[in-house]
Amino acid sequence: MLTQLAGVVLAEAAAHEEAAPLIAPPFVIGAVMLATLLLLMFICVSFMNLGNRHAAVDSTDDPHKQHTNKHGHHDDSASSHH
């Protein structure tokens, strides 16, 4: 019975709600969103080839870099590997 009463109250409240006003018609909002996403896609595509402008440079091993497992501890006699 309580569920039926809650449903009736919610249905009555929903019948009297007004839609929120929009700043523009829905198709204008959709067109602006599409244009914005196309602009962002164009920017991403413009910078896609940026890394290929120069020849690759060999990087040196950084002993202070974390989680590389390249610290010269190649003997497997240690009990833990952390």
Side-chain angles (χ1 to χ4, degrees):
M1 168 142 165
L2 210 55
T3 310
Q4 292 173 348
L5 181 63
V8 170
V9 170
L10 288 175
E12 188 67 27
H16 292 292
E17 284 185 15
E18 294 181 10
L22 298 175
I23 61 172
F27 64 89
V28 173
I29 295 173
V32 169
M33 289 182 356
L34 177 67
T36 303
L37 291 174
L38 285 174
L39 176 68
L40 290 173
M41 183 189 72
F42 177 73
I43 292 170
C44 288
V45 168
S46 297
F47 287 99
M48 188 180 349
N49 200 16
L50 191 63
N52 296 332
R53 289 184 181 179
H54 303 287
V57 178
D58 291 334
S59 63
T60 59
D61 287 335
D62 186 7
H64 301 291
K65 189 175 180 182
Q66 294 181 351
H67 306 293
T68 58
N69 200 15
K70 295 180 180 178
H71 298 291
H73 305 289
H74 296 294
D75 57 339
D76 290 335
S77 62
S79 60
S80 65
H81 299 284
H82 54 260

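Below, each value reflects all heavy atoms present in this structure, side chains not excepted, and no hydrogens, waters or symmetry copies. Sequence positions, counted from 1, serve as the residue numbers for this chain.
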Under the side chain to side chain contact (heavy atoms under 4.5 Å, CB included) rule, collect the residues that match up with P21, sequence neighbours excluded. none
Checking side-chain contact (heavy atoms from CB on, under 4.5 Å) against T36, which of V32, L39, L38, L34 comes through? V32
Please answer: with hydrophobic residues joined when any side-chain heavy atoms are less than 4.5 Å apart, are L37 and I43 in the same cluster?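 They do not share one cluster, since no chain of ILVMFWY contacts under 4.5 Å joins L37 to I43.
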